[in-house]
Amino acid sequence: MLEVKNIRENIDTIKHRLKKRGMSDDALLILDEIIVIDDKRKQSQTSNDAILSQVKSLSGQIGSLYKSGNREEADQLKTQVTALKEEGSKYEQELKDAEEALYQALLTVPNVPHDSVPAGQTEDDNEVHKPWHTDLPTLEHNLPHWELGSKYNILDFELGNKITGAGFPVFRGKGSRLQRALINFFLDEATAAGYEEIVPPLLVNEDTARGTGQLPDKEGQMYYMERDNLYLIPTAEVPVTNIVRGNLMTEDQFPVKFTAYTPCFRREAGSYGADVKGLNRVHQFDKIEIIQIQHPDKSYETLQQMVDHVESLLVKLELPYRILRLCGGDLGFTSALTFDFEVYAAAQKKWLEVSSVSNFETFQSNRLKLRYKDQSGKKHLAHTLNGSALALARIIAAILENNQVADGIRVPTVLQSYTGFEFIN
RNA sequence: GGAAGAAUGGCAGAGCUGGUUUAAUGCACUAGUCUUGAAAACUAGCGUGCCGCAAGGUACCGGGGGUUCGAAUCCCUCUUCUUCCGCCA
């Protein structure tokens with residue numbers, strides 16, 4: 001959520017940048033509207049405060065009058081207060097309405113794209129920030145991962161259908177073991193990079209879902225437990241970033257670095273076709289997330305560190321990858337700048353997104369009320385960042401496809417000490 | 001799931017028979033005095049949001065609602081915690 005103060009001070013820059021997201025001039029008028037609503041809000045509060053002040057003072061007088069036995073005069077004041085309160089309730093209602101209208105209006109405005117975000121509408125307009133440096137691999141044996149999964153009995157989609165439904169794959173045997181190996185590898189790498197490991201709850205309440213912006217704009221993406229009013233997390237970002245919700249930090253506490261492994265649950269309603277085949281898009285998958293809370297002056301430096309971290313993982317896993325700088329139209333609602341990582345799945349001949357590393361600047365911290373005190377004691381919103389390091393299901397798809405040979409699948413060297421085997425057959 | 005009790009500012013802890021409470025007091029913290037330095041002592045300051053150039057105003061005593069001229073204090077409701085009972089990996 002943007003700050004009204006920021007909108008007031010930088011409305012032209014903000015409008016200019018929001019256009020990169022494809023917002024029309026008409027849609028941008030919401031920003032002018034926000035300022036008008038905020039003016040109204042201030043005005044109502046000033047009027048309301050003045051009335052309350054009078055009521056308070058008169059009530060004090062009534063008290064003393066009763067004590068001194070001056071009942072008549074007290075009763076007279078009472079009628080005066082009653083009249084005042086009636087007038088005040090009008091302003092109070094105005095104030096409430098303005099606050100609500102302001103909140104609703106602010107919710108509709110996405111984050112302001114960073115200066116370096118390319119304009120564009122769809123994923124085709126994303127800029128290849130770092131291309132794959134050599135020829136893409138071609139395979140002698142090129143079964144897609146879903147066929148490899150059943151051939152070696154490590155991945156079973158039919159079984160998932162039986163137990164739960166489409167999009168809930170079952171890993172078994174060496175497939176499960178590979179999964180666990182990746183989780184441990186990613187967590188060890190994150191820990192070595194200074195991230196504190198967290199095991200968060202997988203169900204979150206409304207306040208938490210609102211804090212990171214899943215509510216209200218992505219409500220349909222989450223599984224919801226109506227009976228208990230809880231949401232299954234779509235990513236560890238949600239519970240882990242909320243660790244610092246409402247915190248007032250000091251500058252020397254930066255950066256805060258968290259990592260967490262969690263299953264992620266996504267409803268992803270209405271997606272069908274080749275893109276959702278196999279592990280390409282599922283309702284439940286495992287992911288290791290890295291999260292940082294940083295001083296605004298250093299957050300872009302931090303973003304680069306996180307990008308480097310994710311890149312190092314892909315290098316160690318020997319996977320062909322490329323890095324995209326998302327264009328305005330493809331940028332997430334809450335993000336100011338996002339780099340996507342894609343790995344090449346050689347049998348499908350497709351690029352699969354396996355990580356998304358973003359700087360949210362103050363967009364999340366404004367909703368989270370996450371602030372820090374500078375040396376002069378002034379309070380400012382902190383910056384939040386996060387990235388997948390990495391999303392498992394698609395990484396497994398790529399490993400299976402790219403490493404297949406005639407009679408099995410080679411396990412990447414870096415994982416062998418984790419799996420305890422070098423080959424799946 | 002059942003019963004009882006509790007929730008106050010960074011912490012501890014008054015207030016809770018409704019009206020100088022603009023929330024006492026202590027600790028912690030910050031600045032100053034004193035000291036060679038430190039400690040101690042003393043003096044002052046010390047929550048958050050919103051409105052205001054400022055002076056100042058206003059709201060907040062777990063969340064929400066209500067009664068009243070006036071609520072930390074009374075009522076309703078929700079949440080969390082503690083103790084006991086039940087169930088249980």
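Everything numeric in this text was worked out from a predicted model, so none of it was measured. Lettering of chains follows the sequences in order, A, B, ..., and the numbering in each one begins at 1.
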Separation of [X] atom [atom1] from [N] atom [atom2], in whole Å?
X: A:Glu94; N: B:C51; atom1: CD; atom2: C1'; result: 15 Å
X: A:Lys5; N: B:C51; atom1: NZ; atom2: C1'; result: 15 Å
X: A:Glu206; N: B:C78; atom1: CD; atom2: P; result: 17 Å
X: A:Asn205; N: B:C78; atom1: CG; atom2: P; result: 18 Å
X: A:Arg8; N: B:C51; atom1: CZ; atom2: P; result: 9 Å
X: A:Leu102; N: B:G49; atom1: CG; atom2: C1'; result: 14 Å
X: A:Gln43; N: B:G52; atom1: CD; atom2: P; result: 11 Å
X: A:Leu230; N: B:U79; atom1: CG; atom2: P; result: 12 Å

> Is the A:His283 ring parallel, tilted or perpendicular to the A:Tyr223 ring (thresholds 30°, 60°)?
Replying inline: perpendicular
> Using 30° and 60° as the class limits, which term best fits the ring planes of A:His129 and A:Phe339: parallel, tilted or perpendicular?
Replying inline: tilted
Say we look at [N] and [M]: how far apart would their [atom1] atoms be, to the nearest angstrom?
N: B:C61; M: B:G13; atom1: C1'; result: 13 Å
N: B:C60; M: B:U22; atom1: P; result: 12 Å
N: B:U35; M: B:U25; atom1: P; result: 30 Å
N: B:U73; M: B:G19; atom1: P; result: 11 Å
N: B:G49; M: B:G66; atom1: C1'; result: 24 Å
N: B:C76; M: B:A23; atom1: P; result: 27 Å
N: B:G62; M: B:G9; atom1: P; result: 8 Å
N: B:C11; M: B:G86; atom1: C1'; result: 37 Å

>> Please encode protein proximity along nucleotides 59-77 of chain B as a string of B, S and -, counting only heavy-atom distances under 4.0 Å.
In response: S---------BS-------
Measuring to OP1 and OP2 of [N], would you say a side-chain N or O of [X] lies under 4.0 angstrom away?
X: A:Lys379; N: B:U48; answer: yes
X: A:Arg41; N: B:C51; answer: yes
X: A:Arg371; N: B:U48; answer: no

> Between A:Lys373 and A:Lys42, which has a closest nucleotide on RNA chain B that is more 5'?
Replying inline: A:Lys373
>> Quick check: on RNA chain B, is the nucleotide nearest A:Asp49 upstream (toward 5') of the one nearest A:Thr46, or the reverse? Name the residue that is more 5'.
In response: A:Thr46
> Going through the checks in order, is the side-chain contact (heavy atoms from CB on, under 4.5 Å) test met by A:Arg245 and A:Leu370?
Replying inline: CA-CA 6 Å; A:Arg245 168 154 52 97; A:Leu370 168 59; over 6 Å; no
Carboxylate-amine/guanidinium proximity below 4.0 Å for [X] and [Y]:
X: A:Glu94; Y: A:Lys40; answer: yes
X: A:Lys316; Y: A:Glu189; answer: yes
X: A:Asp25; Y: A:Lys19; answer: yes
X: A:Arg325; Y: A:Asp330; answer: no

Between [X] and [Y], is the gap from one ring center to the other below 6.0 Å?
X: A:Phe254; Y: A:Tyr372; answer: yes
X: A:His383; Y: A:Phe360; answer: no
X: A:His114; Y: A:Tyr300; answer: yes

> Stem ranges for RNA chain B, with three or more consecutive Watson-Crick or G-U pairs under 3.5 Å?
Replying inline: B:1-7 with B:79-85, B:10-12 with B:25-27, B:29-33 with B:41-45, B:47-51 with B:56-60, B:62-66 with B:74-78
>> Please give me the minimum heavy-atom distance between A:Asn359 and A:Glu361, naming the atom from each residue.
In response: OD1-N, 2.8 Å
